[in-house]
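The structure is given below, and queries will be raised subsequently.
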Amino acid sequence: MQMDEAYHFSLIRRALDEIDASDAPLSLDDLAAKMQMSPAHFQRVFSRWVGVSPKRYQQYLQLGHAKDLLRDRFSVLDTAHATGLSGGGRLHDMFVRWEAMSPGVYAAKGEGLTIYQGWFDGPFGEMLAMGTDKGLCGLAFTSECGRDTALADMQSRWPRANFVQNEPLLKPWIDGAIGGKETSLVLIGAPMQIKVWEALLQIPSGHVTTYSEIASAIGAPRAQRAVGTAVGRNPVSWLIPCHRALRKSGALGGYHWGLPVKRAMLAWEGARADAGRTSRA
């Protein structure tokens, strides 16, 4: 299953490049030919991966999709709830449980902490996963930056930790995340960063919010720049959904692992949310 997911994202990544290079929407036949696949096979791959047709998915991949999300699926974060979070939460769309480590662990740069790491295939390409014995504490994507850069980036966040290769220990959490089953996160950061990441965890799949909304939700409405920095330093990409934070203008803003990955995540979630509503109607 995981290999299929990685293959599908690689295909979508190539299709996204073709769509961006075209002055007009591409037909199923055109896209399939560019992917060197038959139209029927290409259609099946799309449907399996995201639940909608290639034609419909192109609409989600368009740059204006972010503005549509802000208009139609903007999430107002509850300030009282967001600022009162202290772990043990259970998430709506991925059944994620999380807890925050003491600020001292972050301040000590992970000294005395063992962090396990491993490589996995997922819905958006190859992933580097990191975790303690309590849950995942890091998740990075390599499709834009490569393995070496992703590994150096993640290890630099806790430079005094002891890093140990251990895919079997991490695999149940990764399988849970990909399969929509329960998985566990451990947040390791400065106190303000953890507040921002906890606020991000309140944004439902298929919805978005703004950096200013997050700033208000954590009780620091004037700290938008600091919030943006904390969003960018989110160590557990996708599961802590920093890709759902947009600028008020509808611009995507930055994404640590590459804007093509962010666009694909938003398109994938938006399409699946719509497909789910259609199937229930």
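Each residue takes its place number in the sequence, starting with 1.
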Student check: side-chain heavy atoms of L139 and M130 closer than 4.5 Å: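 No, too far: nothing below the 4.5 Å cut-off.
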Passing candidate, side chain to side chain contact (heavy atoms under 4.5 Å, CB included) with P39, options L31, D30, D29: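 Exactly one option meets the side chain to side chain contact (heavy atoms under 4.5 Å, CB included) with P39, and it is D29.
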Side-chain heavy-atom pair P168, K171 within 4.5 angstrom cut-off: no
Under the side-chain hydrogen bond (donor to acceptor under 3.5 Å, both in side chains) test, residues paired with T149 that sit two or more places apart: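 In terms of side-chain hydrogen bond (donor to acceptor under 3.5 Å, both in side chains), with neighbours along the sequence ignored, T149 is linked to no residue.
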Listed partners of W158 passing side-chain hydrogen bond (donor to acceptor under 3.5 Å, both in side chains), at least two apart: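 Applying side-chain hydrogen bond (donor to acceptor under 3.5 Å, both in side chains) to W158 gives none.
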Note, N162 side chain near I115 side chain (heavy atom, < 4.5 Å): no
R160: partners by side-chain contact (heavy atoms from CB on, under 4.5 Å), with sequence neighbours left out: K109, E111
Distance in Å, Y106 OH paired with L187 CG, rounded so as to fall on 0.5 Å steps: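 Spacing of OH (Y106) from CG (L187) equals 13.0 Å.
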Spacing of F120 atom CZ and W173 atom CH2 [to the nearest 0.5 Å]: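 Rounded to the nearest 0.5 Å, the CZ-CH2 separation comes to 10.5 Å.
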Closest heavy-atom pair and its distance - I214, A199: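 Result for this residue pair: CG2-CB, 4.2 Å.
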Non-neighbouring partners of Y255 that pass side-chain contact (heavy atoms from CB on, under 4.5 Å), sequence neighbours left out: F141, S237, C242, H243, W257, L259, V261, K262, M265
Side-chain (S184) to main-chain (G135) donor-acceptor, under 3.5 angstrom: no
Pairing residues for D153 by the side-chain hydrogen bond (donor to acceptor under 3.5 Å, both in side chains) criterion, not counting sequence neighbours: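 For D153 the side-chain hydrogen bond (donor to acceptor under 3.5 Å, both in side chains) partners, ignoring immediate neighbours, are R157, H256.
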Salt bridge (Lys or Arg N to Asp or Glu O under 4.0 Å) contacts touching residues 218-233 (sequence neighbours left out):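 Counting only pairs at least two positions apart or across chains, no salt bridge (Lys or Arg N to Asp or Glu O under 4.0 Å) contact touches residues 218-233.
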Shortest non-hydrogen separation from W238 to P123 and the atoms involved: CH2-CG, 3.8 Å
Under-4.0 Å salt bridge between K248 and E213: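 E213 and K248: not salt-bridged.
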Any side-chain heavy-atom pair of S205 and R244 under 4.5 Å: yes
Which atom of A140 lies closest to which atom of M154, heavy atoms considered: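 A140 and M154 have their closest heavy atoms at CB-CG, 3.8 Å.
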Heavy-atom side-chain proximity of E269 to H207 below 4.5 angstrom: no
Residue among L201, L200, L136, I174 satisfying side chain to side chain contact (heavy atoms under 4.5 Å, CB included) with L239: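 Output: one option passes, namely L136.
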N234 CG to I194 CD1 distance, which is reported to the nearest 0.5 Å: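 Nearest 0.5 Å value for the CG-CD1 distance: 11.5 Å.
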Spacing of L170 atom CG and L128 atom CG [to the nearest 0.5 Å]: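 Result: 9.0 Å between the selected atoms.
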Close side-chain approach of P235 and I188, heavy atoms under 4.5 Å: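 Side chain of P235 against side chain of I188, heavy atoms only: no contact under 4.5 Å found.
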CA sep, side-chain torsions, deciding dist, call: F124, W268, side chain to side chain contact (heavy atoms under 4.5 Å, CB included): CA-CA 10 Å; F124 308 103; W268 185 79; 3.5 Å; yes
Residues that Y116 engages under ring pair (Phe, Tyr, Trp, His ring centres under 6.0 Å), provided they are two or more places apart: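 Here no residue qualifies.
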Those residues that, when tested against Q155, pass side-chain hydrogen bond (donor to acceptor under 3.5 Å, both in side chains) (two or more places apart): Q117
Short side-chain donor-acceptor distance under 3.5 Å, Q224 and S212: no
Set of side-chain contact (heavy atoms from CB on, under 4.5 Å) partners for P172, sequence neighbours left out: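 P172 satisfies side-chain contact (heavy atoms from CB on, under 4.5 Å) with no other residue.
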Qualifying residues under side-chain contact (heavy atoms from CB on, under 4.5 Å), relative to A226, sequence neighbours excluded: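 Once residues adjacent in sequence are excluded, the partners of A226 under the side-chain contact (heavy atoms from CB on, under 4.5 Å) criterion are M192, A223.
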Side chains of T132 and M101 in contact at under 4.5 Å (non-hydrogen atoms): yes
Under 3.5 Å donor-acceptor, D121 side chain and M127 backbone: no
Over 12 foreign heavy atoms within 6.0 Å of CD, Q36: no
Residues which pass salt bridge (Lys or Arg N to Asp or Glu O under 4.0 Å) with E18, listed by chain and number, not counting sequence neighbours: K34
I240 CD1 to I203 CD1 distance, which is reported to the nearest 0.5 Å: 11.0 Å
Closest contact, heavy atoms only, A177 versus T183: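 Heavy-atom minimum between the residues: N-CB, 4.1 Å.
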W119 backbone acceptor or donor facing E167 side chain under 3.5 Å: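 Yes; at least one donor-acceptor contact below 3.5 Å.
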Over all atoms of both residues, closest heavy-atom pair of Y211 and G228: CD2-CA, 4.0 Å
Considering all heavy atoms, the nearest A150-T142 contact: CB-CG2, 4.0 Å
Contacts of R247 that satisfy salt bridge (Lys or Arg N to Asp or Glu O under 4.0 Å) - sequence neighbours left out: none
